There are 2 protein chains.
Amino acid sequence: MRASGPLDAESILSATEDVLRRHGPAKATVVDVGKELGVSHAAVYKHFPSKAALREAVSRRWLNRDRDALAAIAGDTEIPPPQRLRSWLAALLASKRAKAHDDPELFAAYKLLVTENSVAAIDHVADLLGQLELILTDGMAGGSFRRADPAQTAQAVFTATTRFHHPGLAAAWTEPGIEQELDVICALLLDGLR
Amino acid sequence: MRASGPLDAESILSATEDVLRRHGPAKATVVDVGKELGVSHAAVYKHFPSKAALREAVSRRWLNRDRDALAAIAGDTEIPPPQRLRSWLAALLASKRAKAHDDPELFAAYKLLVTENSVAAIDHVADLLGQLELILTDGMAGGSFRRADPAQTAQAVFTATTRFHHPGLAAAWTEPGIEQELDVICALLLDGLR
DNA sequence: GTAGTTACAGGTTTCAGATTGTGTAAGATG
DNA sequence: CATCTTACACAATCTGAAACCTGTAACTAC
């Protein structure tokens with residue numbers, strides 16, 4: 001049940017998030033969302049064109065919740081770029097792992113988006129690549145990284161760390177030595193960048 | 001129907017492979033395997049303790065079919081180690097992609113083994129890591145790679161190229177620029193190794 | 001006694017019919 | 001007239017009984 005006033009997109013998103021958390025993406029229905037809001041399911045369709053669009057919007061909001069902390073690291077010119085890259089990748093792993101662990105059903109919904117190649121998933125990757133590119137550009141300007149195409153290099157670093165952020169591989173994020181594993185890769189990549 | 005003579009493990013493996021190719025891992029049954037051999041399903045159980053063990057043995061044999069070509073590259077001391085590493089990784093991608101494309105059902109069976117953490121899958125990875133380690137050891141001995149723990153480095157190179165060999169990511173192996181993507185990663189890793 | 005079969009218990013899958021869900025359009029309410 | 005509901009067509013999903021599969025054991029034929 002919503003507090004009061006007319007139905008708006010934000011409260012639908014929150015209700016959907018709750019329903020997804022309770023039932024998971026496979027069982028959650030638009031009727032459930034309506035019930036949660038004390039409204040018929042048709043009312044939901046005045047704000048979102050389809051169930052898929054609704055799910056996508058929820059995942060987008062959920063993904064963006066950790067975005068700023070990560071962007072803060074990427075943009076922190078106080079930290080030298082090599083260390084910044086390490087921190088950023090470590091933070092990315094920590095964030096993804098926390099999401100998978102604390103919110104398994106919403107993580108499952110996000111995983112679906114990725115396998116379906118949805119716009120939200122593509123945008124999410126583009127955002128992360130942009131952050132990586134910023135770190136690399138700073139490093140190239142400051143001389144700590146060799147000059148090269150920053151976009152292509154960002155893509156390469158992202159791909160080389162797939163193991164640590166691709167949702168399809170989340171099952172292997174609970175292994176004990178994973179932080180050290182990332183450290184070894186980081187060292188190798190940093191040596192390759194300069 | 002088998003040719004003649006008593007039933008042996010090899011012909012059961014071949015029959016199972018055919019059945020898997022036809023019906024896929026989800027639908028294939030031990031009864032089907034028996035039919036294929038002109039034998040009751042119980043006869044199969046005289047040679048394999050369970051359906052899972054049978055499937056695992058089939059996948060093992062199927063995986064080992066490309067093994068020697070790959071091992072030949074890894075052990076070819078004519079090729080300088082950096083180039084050898086490139087060739088080996090390219091060959092690994094080509095092999096995996098061909099298997100996924102030409103034998104989708106057997107590839108699906110293999111994917112199941114990986115998600116179940118089966119012994120066959122673990123052994124397969126250990127074998128590949130051993131081949132990588134051989135290349136790295138040669139390179140370190142010959143001075144083209146910096147000295148470091150070869151096992152740990154092999155693990156790092158394998159992890160950094162997850163995108164190109166992990167069966168869970170096979171859907172993305174058909175993208176056009178993937179060879180170049182691997183080239184970029186290779187360049188980065190090779191720079192990091194020396 | 002080796003190499004296979006038949007018979008069976010318990011678990012899993014399948015299939016058809018019933019229920020529930022999605023998305024739209026026309027209508028009620030304030 | 002903006003906001004929501006009811007009503008609906010069609011698609012997807014659930015349910016429970018029948019069929020089928022797995023793995024074992026007792027049995028047959030050579």
Side-chain angles (χ1 to χ4, degrees), chain A residues 1-59 105-106 108-109 112-113 115-116 118-120, chain B residues 1-59 105-106 108-109 112-113 115-116 118-120:
Chain A
M1 284 285 188
R2 76 208 129 116
S4 69
L7 192 59
D8 67 331
E10 271 304 310
S11 46
I12 293 177
L13 286 179
S14 297
T16 307
E17 194 172 311
D18 285 354
V19 168
L20 274 172
R21 241 190 285 272
R22 270 206 303 280
H23 300 67
K27 299 273 179 89
T29 73
V30 180
V31 173
D32 290 334
V33 174
K35 255 185 224 146
E36 178 80 10
L37 291 161
V39 122
S40 80
H41 80 280
V44 173
Y45 283 93
K46 302 290 173 184
H47 296 264
F48 294 93
S50 69
K51 185 184 184 177
L54 179 54
R55 268 200 341 205
E56 199 163 337
V58 169
S59 290
E105 301 291 15
L106 286 173
L112 282 179
L113 289 192
T115 62
E116 291 160 1
S118 82
V119 178
Chain B
M1 284 287 188
R2 75 210 130 113
S4 69
L7 192 60
D8 66 333
E10 272 304 309
S11 45
I12 294 177
L13 286 179
S14 298
T16 306
E17 194 172 312
D18 285 354
V19 169
L20 275 173
R21 243 191 285 271
R22 270 205 303 281
H23 304 335
K27 298 273 180 87
T29 73
V30 180
V31 172
D32 290 333
V33 175
K35 254 184 225 145
E36 178 79 12
L37 291 160
V39 123
S40 80
H41 80 280
V44 173
Y45 283 93
K46 304 286 175 185
H47 295 264
F48 293 92
S50 70
K51 184 184 184 177
L54 178 54
R55 268 200 343 203
E56 199 163 336
V58 169
S59 291
E105 300 293 16
L106 285 173
L112 281 179
L113 289 193
T115 62
E116 291 159 1
S118 83
V119 178

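In this text, all values refer to a predicted model and were calculated from it rather than measured experimentally. Every chain is numbered from 1 and lettered A, B, ... according to where its sequence line falls, protein lines coming before strand lines.
- Distance CZ (B:Phe48) to P (C:dG4): 13 Å, rounded to an integer number of Å.
- Comparing B:Ala52 and B:Lys46 by the nucleotide of DNA chain D that holds the closest heavy atom to each, the one mapping nearer the 5' end is B:Ala52.
- Comparing C:dA25, D:dC4, C:dT22 by their nearest atom to the side chain of A:Thr29 picks out C:dT22.
- Between the base of C:dG23 and the side chain of A:His41 there is a donor-acceptor pair shorter than 3.5 Å.
- Comparing C:dG4, C:dT22, D:dT5 by their closest approach to the side chain of B:Pro6 singles out C:dG4.
- Listed nucleotides D:dT22, C:dG23, C:dT5 differ in distance to B:Lys51; the shortest reach to its side chain belongs to D:dT22.
- Going from atom CG of A:Leu54 over to atom P of C:dG21 covers 15 Å, rounded to whole Å.
- Under the side chain to side chain contact (heavy atoms under 4.5 Å, CB included) rule, A:Asp32 has a single partner from A:Asp18, A:Leu37, A:Leu20, A:Val19, which is A:Val19.
- For B:Thr115, there are no side-chain hydrogen bond (donor to acceptor under 3.5 Å, both in side chains) partners two or more places apart in sequence or in a different chain.
- Here the side chain of A:Ser59 pairs no donor or acceptor atom with the backbone of A:Glu56 at under 3.5 angstrom.
- Rounded to an integer number of Å, the gap from OH of A:Tyr45 to C1' of C:dT24 is 10 Å.
- One can place CG of A:Leu37 at 10 Å from P of D:dC4, the figure rounded to the nearest angstrom.
- The interatomic distance linking A:His23 (NE2) with D:dT13 (P) rounds to 16 Å, in whole Å.
- As a whole-Å value, the separation of B:His47 NE2 from C:dT2 P is 13 Å.
- Closest contact between the side chain of A:Ala42 and the listed nucleotides C:dT6, D:dC4, D:dT6 involves D:dT6.
- Counting all heavy atoms, side chain and backbone alike, A:Ala57 lies closest to A:Phe48 at CB-CE2, 3.9 Å.
- Toward the 5' end of DNA chain C, the nearer of the two residues B:Asp8 and B:Ala26, judged by each one's closest nucleotide, is B:Asp8.
- Closest to the side chain of A:Lys27, out of D:dC14, C:dG4, C:dT24, is D:dC14.
- For A:Arg22, the salt bridge (charged side-chain N to carboxylate O under 4.0 Å, His left out) partners two or more places apart in sequence, or in a different chain, are A:Glu36.
- Look at NZ on B:Lys35: it is 19 Å from P on C:dG4, rounded to the nearest Å.
- For A:Ser40, the listed nucleotide lying nearest its side chain is D:dT5; candidates were D:dG23, D:dT5, C:dG4.
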